[in-house]
Amino acid sequence: MVIAPATSVFHRFLRHALVILLVAASYFGLALITFMLPVMNKTEQMVTVAIWPASALAFTAYWRYGWPAIIGALIGALLMYSRIGSGLNMAMILVAIVNVLPPVLSRWLLLRSGTTELFGSIGAVLRYSIYAGVIAPIINAVLSVSILFVYGHLAPEHMAATGLLWWASEALAMLLVAPALLAWRDWKTMNTRQVCELSVLLTVVLIAHWQLFIVHTLALALPLSMLLMPLIYTALFRFNFGVMAGVSLLISILSIRATSSAQFVARTQEEQFFYLLSFLAMLALINIVMCSVLATARRTFARLTASEEHFRAVFEQAAVGIVIRDMHPERHVVNRTLANMLGYSEAELKLLNERDLVLPSDLEISEKHAEQLFSGTCNSLYYELRYRHRDGHTLWIAVTLSLVRSTLNNADFVVGLFQDVTARKTAEADAERLALYDYLTGLPNRRLFGDRLNNAVLSARRSGNYGALIYVDLDNFKNLNDAHGHSAGDDMLTMVAARLQKTLREEDTIARLGGDEFVILLQNVSASLDTATDAVWLIAQKILQSFHEPFTLASNIEFFVTASIGVTLFPKAHETAEELLKEADIAMYRVKDEQRNAIRFYAPEMKEEANLRVSLERDLRHALQREEFKLFLQPQFDAERHMVGAEVLLRWSQRDGKMISPVTFIPVAEETGLIVPLGEWVLSGAAKMIRQLELVSQDISLSVNVSPRQFQEANFVERVRTLLWENGADPGRLILEITEGLVVADFDDAHTKISQLKGMGIRLSIDDFGTGHSSLAYLKRLPLHELKIDRAFIKDLPHDRNDAALVEAILAMSGHLQLEVVAEGVETAEQFEFLKQRGCHRYQGFYFGHAQTPETYFDCFRTEPLPQYRVE
């Protein structure tokens, strides 16, 4: 339960009390004034007048303020009846109660019928006229006359006339006075001119009344009274309904007052009042008609206003700019959205035309479309133009123009819708750039470059001028990414693109195909092949020299990078753009394979070699599935010629019996990544052979070469551990051979993995020692077991003094570092004796034996048959 605050209750009580007091005083005062008007009928205790405005007051107050107004009207009626006749008695009390019944009954009937605005429609006006002007006054008249008759205040012969006049006075009050009181809200503040016009109108009313009802006789006055009607119409249409109702009420009061004039006296009193009531009824009818007209006008005006407001709201608040103009371009309206879109005020924008707003390059399009529309060629158009914003930047605007034909005055006008599509255009441009340009360097990508190359080939065939394709690939770019991260690599690529652009002509095209690969298109070099070749060679040299200067990265790190460049010229017979790009790529890879930091022109034999390489790669992938690889063992001996180990060698025997040398297929396996599964297969086979050696109780170790790519795998150590465990092999019998370059490339990673492998019992060897980045620093820091002298230093011993000196130095150094040394490629007794005298520990080469199959190798140790060996 919610209890209202005491202050709220008090304020409500005070407001109601004030309404009761004001209505009671107004009712009483208005009644007394009414009795000053001429009396139409008088009995001993009752007086009947022509109009009873107190009822209109009660209805108006009750309509606006509710029940407190009825209480005030009842008090006012009781006070009024206490002053007339024989004073206040039961009959007068009952009549007073009946007198306030019509407002209650009228309001109830109107609300039940759904009428909340009395003069809002014709239906509301008619319902008000029937309920308040007919039904309620009749009920009041019948009940009042009946009460007076019952209490003996009215003779039977006077009941009909009194009742009729009672009803007429009530009805005229509700139709003449009530509209004036209810229309108080229409009495708006007037300016000086309107006050003067109203004063003139009232003066004319008074003069007309004097002329009609005072000067003329009754015979002329009654017809001439119709001349007052235009004054009522003037009040309505010049001012408002409130002024009209007030003028109508003034004329009514003056007309009633004129009944006291001798000139307005008919032959009998009944005839006089009949004419008066007829005139007042006519005014009431005019009020009703005017109310109906006004209601229709108001509703029409409300619809027009709502439509106008709706249109204005849509026009001003639309999300798109709108322009409406007729066939004369200078007469047009614009909305605020378009003004804001272009940075102008609406007034400023109306003074500008298309030439002031559209970019000059797009102006012709705008004028062409406008001409099509105004000439009647089409009824609507859509196009997109670039407009200038007031601050100077460019906007893309989508324009929709529609020609609208008006049926009202047969005039045509154009509606233009303007939408800012700059964001969409920017997104489309970005999408096109992403589709055709490299996101990092802004250079054309492979797709766009392919289109340009196709066009260049066709143009070269037509013109006979040679062009060239230059393929540029950075050397050792991966080292930069590994050392400083990919962000540094991106910076490098951006700077390379900028440096390459500086070395070329404006008409040349440079593109980034991906990674660190760039390609350059040169057109119209020369009509002579020799001259074109020389010119392209000079340009390629210039490109190569541009890499001599270091690149300074964002972190102030200087980095040197070289490039491998492949070149091919066109046009050639029937070669497509894709084939030309492949030729330049082949020439570039020839540089990569040979020396890097150089230039090679494409030659037909390069393609044959490339095809062989591709074929070899394909066969290599199938060889793993077909089990075409075999393992061989190259025995190793100590100085006393005892077998102490072997190196595991990989051989590839194709199905047709053809042997492929490791020198041929190992580089391809390294490049394609097939070396990783191939290396695991070798390790698995070595683990199985170690297990075989354990069965014959021989203290023999096996050496296995590990590819740099395989060693760099993150899970390499774990894979070795798993393979040994799955085959039950002793890690102490395994020696892994790695290259010097692998250690130098990433010493920290190599040190970590070598330490982990040593912890498992596996021994590590540096293969081909002396041919790479030999350094005492890593020999000292790494937990190595042995060094393997490359065969290049052994083959000319002991005759080559330089080789002899190098080998002696390696052996001496290894002794101090406590590293075992294996001499590879020992083929003569002289080589063996030279190495033996200088302390070499192990020997491997044809002098001791060729590579053998595992079965042959194990036969040297068998005392009883062993299970046949097979690598799976």
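Along the sequence shown, residues carry numbers from 1. What you see is a predicted model, and the numbers here were worked out from it, not measured in a lab.
A salt bridge links E718 with R721: the closest approach of a Lys/Arg side-chain nitrogen to an acidic carboxylate oxygen falls below 4.0 angstrom. Between E583 and K572 a salt bridge is recorded (basic side-chain N to carboxylate O distance below 4.0 Å). R719 has a carboxylate O that lies under 4.0 Å from a charged side-chain N of E680, or vice versa, which qualifies the two as a salt bridge.
The number of heavy atoms from other shown groups lying within 6.0 Å of NZ (K425) is above 12. When the shell of 6.0 Å around CD of Q818 is examined, it contains 12 or fewer heavy atoms from other residues, nucleotides or ligands. Heavy atoms of other residues, nucleotides or ligands lying less than 6.0 angstrom from CD of E507 number more than 12. Surrounding CD of Q541 are more than 12 heavy atoms belonging to other residues, nucleotides or ligands, all under 6.0 Å away. By the 6.0 Å contact criterion, NE2 on H548 is enclosed, its count of non-hydrogen atoms from other residues, nucleotides or ligands being greater than 12. In this structure, R499 places its CZ atom where more than 12 heavy-atom neighbours from other residues, nucleotides or ligands lie under 6.0 Å away.
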Worked verdict on L581 versus L469 for side chain to side chain contact (heavy atoms under 4.5 Å, CB included) = CA-CA 7 Å; L581 195 61; L469 205 57; 3.8 Å; yes
Could you walk me through whether S703 and Q636 pass side chain to side chain contact (heavy atoms under 4.5 Å, CB included), step by step?
-> CA-CA 10 Å; S703 298; Q636 293 178 351; 4.0 Å; yes
Carefully, step by step, assess V807 and I789 under the rule side chain to side chain contact (heavy atoms under 4.5 Å, CB included).
-> CA-CA 8 Å; V807 170; I789 303 175; 4.2 Å; yes
In sequence, state the C-alpha distance, the side-chain angles, and the governing distance for E737 and K788, and then conclude on salt bridge (Lys or Arg N to Asp or Glu O under 4.0 Å).
-> CA-CA 9 Å; E737 297 182 3; K788 201 168 188 181; 2.9 Å; yes
Take E820 and R763 through the test salt bridge (Lys or Arg N to Asp or Glu O under 4.0 Å) and record every step on the way to the result.
-> CA-CA 11 Å; E820 289 192 5; R763 290 172 285 177; 5.4 Å; no
For salt bridge (Lys or Arg N to Asp or Glu O under 4.0 Å), just list the numbers for R709 and E670, CA-CA rounded to whole Å, side-chain angles, deciding distance to a tenth of an Å, and then say yes or no.
-> CA-CA 7 Å; R709 190 159 184 172; E670 285 275 4; 6.0 Å; no
CA sep, side-chain torsions, deciding dist, call: M760, V717, side chain to side chain contact (heavy atoms under 4.5 Å, CB included) = CA-CA 10 Å; M760 295 165 51; V717 174; 4.1 Å; yes
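Rounding to the nearest 0.5 Å gives a distance of 9.5 Å between CG of N705 and CG of L736. With values rounded to the nearest 0.5 angstrom, S701 atom OG is found 3.5 Å from I735 atom CD1. With rounding to the nearest 0.5 angstrom, the NE2 atom of H751 is 11.0 Å from the CD atom of Q756. Considering CD1 of I675 and CD1 of I666, their distance stands at 4.0 Å, rounded to 0.5 Å. Taken from CD1 in I660 to CG in L650, the straight-line distance is 12.0 Å, to the nearest 0.5 Å. One distance of note links CD of E628 with NE2 of H622; it measures 9.5 Å at 0.5 Å rounding.
The nearest pair of heavy atoms linking V591 to I565 is CG2-O, 3.5 Å. Counting all heavy atoms, side chain and backbone alike, A535 lies closest to V525 at CB-CG1, 3.7 Å. Nearest heavy atom pair, residue L649 against residue A851, reads CD1-CB, 3.9 Å. The two residues F793 and D803 have their closest heavy-atom pair at O-CB, 3.6 Å. Y437 approaches L448 most closely through the heavy-atom pair CZ-CD2, 3.6 Å. Heavy atoms only, all atoms of each residue included: E824 and I794 are closest at O-CG1, 3.4 Å.
Between Q501 and D508, the side chains place no donor N or O within less than 3.5 Å of an acceptor N or O (distance only, hydrogens not considered). S564 and D475 form a side-chain donor-acceptor contact under 3.5 Å, judged by distance and modelled atom types alone. Side-chain contact check for N597 and T562: no donor-acceptor pair (N or O, by modelled atom type) lies under 3.5 Å.
No donor-acceptor distance shorter than 3.5 angstrom exists from the side chain of T441 to the backbone of D438, with no hydrogens or angles considered. Between the side chain of R838 and the backbone N or O of F834, at least one donor-acceptor pair lies under 3.5 Å. Side chain of E517 to main chain of L513: no donor-acceptor pair is present (N/O by atom type, distance under 3.5 Å, no hydrogens or angles). For S546 (side chain) and I543 (main-chain N/O), a donor-acceptor pair under 3.5 Å exists by modelled atom type. Not one N or O on the side chain of S765 forms a donor-acceptor pair closer than 3.5 Å with the backbone of D767. Between the T494 side chain and the D490 main chain, a donor and an acceptor come within less than 3.5 Å of each other. Between the side chain of H841 and the main chain of V821, a donor-acceptor pair closer than 3.5 Å is present.
The shortest distance between side-chain heavy atoms of F711 and V676 does not fall below 4.5 Å. Counting heavy atoms from C-beta on, the side chains of I754 and I738 come closer than 4.5 Å. R505 places a side-chain heavy atom less than 4.5 Å from the side chain of L522. Using a 4.5 Å cut-off on side-chain heavy atoms (C-beta onward), Y466 and T531 make no contact. Using a 4.5 Å heavy-atom threshold, the side chains of K758 and I762 count as separate. Two residues are said to be in side-chain contact when any heavy atoms from C-beta on lie closer than 4.5 Å; F477 and M492 meet this criterion. Using a 4.5 Å heavy-atom threshold, the side chains of L811 and C840 count as touching. Looking at heavy atoms from C-beta onward, L493 lies in side-chain contact with F518 at the 4.5 angstrom threshold.
Using the six-membered ring where Trp is involved, F629 and W652 have ring planes that are tilted, between 30° and 60° apart. A perpendicular orientation is assigned to the rings of F832 and Y843, their planes being inclined by more than 60° (bins at 30° and 60°).
Relative to the six-membered ring of F716, K753 misses at least one condition, a distance below 6.0 Å or an angle of at most 45° to the axis. In this structure, R600 fails the cation-pi test against Y602, since its NZ or CZ atom is not both closer than 6.0 Å to the six-membered ring centre and inside 45 degrees of the ring normal.
With sequence neighbours excluded, the residues that form a side-chain contact (heavy atoms from CB on, under 4.5 Å) with R621 are E617, T672, L674. Partners of D585 under the side-chain contact (heavy atoms from CB on, under 4.5 Å) rule, at least two apart in sequence or in another chain, are Y471, M588, Y589.
No option in V822, L819, I766 other than V822 meets the side chain to side chain contact (heavy atoms under 4.5 Å, CB included) test with E786.
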